[in-house]
Amino acid sequence: MPGLVLLASYVGFGSLVRQSGLDLPQGLASTATAWALPGQVAMVELSAVGASALSIAIAVALTNARLTPMVVTILPLFRDTGMPRRVTYAVAHFVAVTAWATALRQLPGMPPEERVGWFVGFALTLWVLSMTGTALGYFLAGAVPAPVTLGLVFLNPLYFMLILIVDLRQRARTLAMIMGAVLGPILHLVTPTYGLLLTGVLAGAMAYTTDRVLTRRESLRG
Amino acid sequence: MGDAEIWLVIGLTAVVTYLPRALGVALSGRIDPNGPVFQFVACIAYALLAGLIARMILFPVGPLQETALGNRLASAGLALAVFLMMRRSVMLGVLAGTAALIGLTVGGVQLF
């Protein structure tokens with residue numbers, strides 16, 4: 001089931017790639033080498049509004065910054081598995097949200113010596129599904145009636161919207177999401193090329209500060 | 001954007017997607033994933049992503065410009081409603097929202 005959702009979201013990416021004027025090798029190269037959809041979509045969308053390579057790179061880096069704590073939380077499950085350090089750096093490339101969330105549930109109940117093999121196998125399967133989805137979306141966007149193509153391109157915003165809501169458990173993140181959703185469209189109208197970057201930094205810092213202030217007040221009161 | 005520049009951007013994207021993963025390995029065991037630094041970084045990432053989603057729905061830059069704003073908002077609202085009613089199923093939510101946008105477009109309906 002997580003594989004099916006991932007496949008569908010990469011079908012959306014493949015369609016977006018075609019509709020944005022990129023070719024299939026470029027779409028596949030992006031999925032193969034990055035394999036973290038939010039950053040990939042941000043890259044295509046920012047290219048479409050003509051943002052500079054540097055500002056795209058910074059925005060994508062900030063979008064992907066959430067991968068660092070994900071790697072930090074999963075690595076303890078690979079301790080005692082005898083995995084050499086440099087292999088850890090390769091395995092880290094397979095940390096993306098679907099593989100990560102499933103692994104956090106499955107790995108603890110598994111003998112340590114089986115964990116690395118299972119994770120790499122599972123992640124590779126998802127990776128193949130992602131590549132298949134990208135190609136499928138690209139071909140579908142050129143073959144199906146126009147309204148269906150529009151639906152496929154609309155898959156990504158819908159998917160991210162729901163994924164973000166699944167993930168909302170902390171107040172700071174909820175605030176960041178609300179402030180980002182408000183500022184994003186406004187700053188896009190002000191400056192299409194830097195709006196997204198500014199949104200992340202401004203709304204993120206505002207949400208973090210607000211959460212800190214609220215936490216301090218609560219502790220003073222309690 | 002020219003072809004060479006797109007390849008450059010794809011390459012840069014790959015690098016800035018792997019770097020945070022490698023940083024995780026380097027910091028593993030030495031930093032609390034729930035500490036203030038990661039909390040701050042997560043806020044920026046979430047705000048950026050939420051900003052991108054809202055922008056894609058309200059002011060799409062690509063082919064979605066052909067669809068009516070009301071149709072996109074209604075489809076997103078339906079996706080959310082189905083998601084919440086169906087035990088938070090991302091799959092069913094996305095399917096419902098996608099089908100709604102296709103249906104409204106095929107039917108020639110323009111909500112606003």
Side-chain angles (χ1 to χ4, degrees), chain A residues 5 19-20 26 29-30 33-34 36 38-39 42-43 47-49 53 56-57 60-69 71-73 75 88-89 92-93 95 147-148 150-151 153-155 157-162 172-173 176-177 179-181 183-185 188 196 199-201 203-204 207-208, chain B residues 1 5-10 12-14 16-25 27-28 31 33 38-59 61-64 66-67 72 75-76 79-80 83 88 90-91 93-94 97-99 101-102 105-106:
Chain A
V5 179
Q19 296 300 315
S20 305
Q26 288 164 342
S30 171
T33 58
M43 181 267 287
S47 304
V49 293
I56 294 175
V60 173
L62 291 177
T63 312
N64 287 327
R66 81 222 138 72
L67 291 169
T68 304
V71 170
V72 172
T73 40
L75 284 186
T88 312
Y89 277 96
H93 179 67
V95 174
V148 181
L150 293 176
V153 176
F154 202 53
L155 269 173
L158 291 177
Y159 171 69
F160 289 150
M161 179 180 80
L162 298 183
R173 293 182 184 182
M177 185 175 147
M179 291 172 176
L183 269 187
H188 168 75
L196 196 57
T199 299
V201 175
Y208 180 80
Chain B
M1 188 176 277
E5 203 179 352
I6 287 188
W7 279 111
L8 169 72
V9 167
I10 290 170
L12 283 174
T13 299
V16 296
T17 308
Y18 181 67
L19 280 181
R21 288 170 170 142
L23 188 65
V25 180
L27 293 176
S28 169
I31 193 161
F38 281 150
Q39 188 73 265
F40 182 69
V41 166
C43 280
I44 291 183
Y46 274 70
L48 205 152
L49 198 51
L52 176 65
I53 299 162
R55 204 277 286 142
M56 285 171 84
I57 295 172
L58 290 175
F59 308 119
V61 291
L64 285 173
E66 297 161 29
T67 59
R72 293 193 301 270
S75 305
L80 187 59
F83 164 78
R88 308 202 140 212
V90 173
M91 190 72 192
V94 168
T98 305
L101 189 74
I102 296 173
T105 311
V106 171

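Throughout, a chain's letter reflects where its sequence line sits, starting with A, and its residues are numbered from 1. Just so it is clear, the model here is predicted, and its values are computed rather than measured.
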Under 4.5 Å heavy-atom distance to chain A, tell me which part of [X] shows up: side chain, backbone, both or neither.
X      : result
B/F59  : both
B/L101 : side chain
B/L64  : both
B/F83  : side chain
B/L19  : neither
B/I6   : side chain
B/A22  : both

- Task: Give the minimum heavy-atom separation between B/P20 and A/A65, together with the two atoms involved.
- Result: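 Of all heavy-atom pairs spanning B/P20 and A/A65, the closest is CB-CA, 4.4 Å.
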Check: [Y] and [X] side chains under 4.5 Å, non-hydrogen atoms:
X      : Y      : result
A/F154 : B/T67  : no
A/V5   : B/V94  : no
B/V61  : A/H188 : yes
B/S28  : A/V71  : no

Rounded to the nearest 0.5 Å, what separates atom [atom1] in [X] from atom [atom2] in [Y]?
X     : Y      : atom1 : atom2 : answer
A/R66 : B/L48  : CZ    : CG    : 10.5 Å
B/L80 : A/M161 : CG    : CE    : 5.0 Å
B/L8  : A/I56  : CG    : CD1   : 9.0 Å
B/Y18 : A/Y89  : OH    : OH    : 7.5 Å
B/R88 : A/L162 : CZ    : CG    : 9.5 Å

- Considering only heavy atoms and a distance below 4.5 Å, find which of A/T73, A/L196, A/V148 pairs most often with chain B.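 Winner by heavy-atom pair count: A/L196.
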